[in-house]
Amino acid sequence: MRAPRAARPLALLLLLLQPLQFEFLRIHLGKSEEETEEFEDYLEELLKLGPARPLTKDAFRRRTIIDPARPLTDPEYCTAEMKMKNVHDKFRCVREHFFLQVVYEELQKLCKNIFVPCKNGVKKCHRSRQLIEGVYCNLTRGARMSDCEYKSSYRQGYVLITCRWQDDIQEIIPAYVNDIMTLDKHVKDGSIFYSELEWPF
Ligand SMILES: *[C@@H]1O[C@H](CO)[C@@H](O)[C@H](O)[C@H]1NC(C)=O
């Protein structure tokens, strides 16, 4: 995002805000921790002038993990939840996204599993050993945030994720959901045999 010239000094000022100020916002504006976090994400999005930075642990978690409010088979799932959870790329619609019904810590543990190939063939994914339920969202219309419309597909399968190191918290964390491989697709590919061989059970 290119900030207009006049916005730069404001951006610089905001950059100087320390976590204490966010705490101040939370207390004095009566915002919940989650709202404050969203506001921080929002500011970060606004201020991000360079290349996209990977999501933080909290941002990934908020965007990906399902709250048990809406049925996963709802055809409007994605269009509604992408808005609710503010999933976008500098306010542009993201082409695809996965929501997962899993405890975050379980997902994080997958980062310790050995590498398996991702959907695109890159050998850098980690795979769940259990079936995980989720929703696959595929953009059908729109370019900018709040106009984004998605096709929602309920999926149950083995989840492929990539992980990365987050320096400030010194943890390996899930970075990106690559796929939910449904069993039929998996068997059809013949890849199940390949993966079984690779897996240390
Ligand atoms: C997502 O949508 C695109 C374009 O409409 C389509 O080509 C693609 O096959 C879809 N992907 C999946 C996994 O359904």
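Order of appearance sets the numbers: ligands from 1, and atoms from 1 within every ligand. For reference, positions follow the sequence shown, starting with 1. These numbers were taken from a predicted model, which means no experiment stands behind them.
Within a 4.0 Å radius of atom 3 (C) of ligand 1, the protein contributes at least one heavy atom. Protein heavy atoms are found inside the 4.0 Å sphere centred on atom 14 (O) of ligand 1. Protein non-hydrogen atoms do not reach within 4.0 Å of atom 9 (O) of ligand 1.
Among protein heavy atoms, atom 5 (O) of ligand 1 sits closest to L139 O, 4.7 Å. Protein heavy atom nearest atom 6 (C) of ligand 1, with residue, atom name and distance: N138 ND2, 4.2 Å.
Residues Y150 and E76 have side chains that never bring a donor and an acceptor to within less than 3.5 angstrom of each other.
By the 6.0 Å and 45° rule, K124 stacks over the aromatic ring of F115. Judged by the 6.0 Å and 45° rule, R144 forms no cation-pi pair with F91.
Between F99 and Y77, the two ring planes are perpendicular [angle over 60°; tilted spans 30° to 60°].
Taking a cutoff of 4.0 Å between a charged side-chain nitrogen and a carboxylate oxygen, D147 and R92 do not qualify as a salt bridge.
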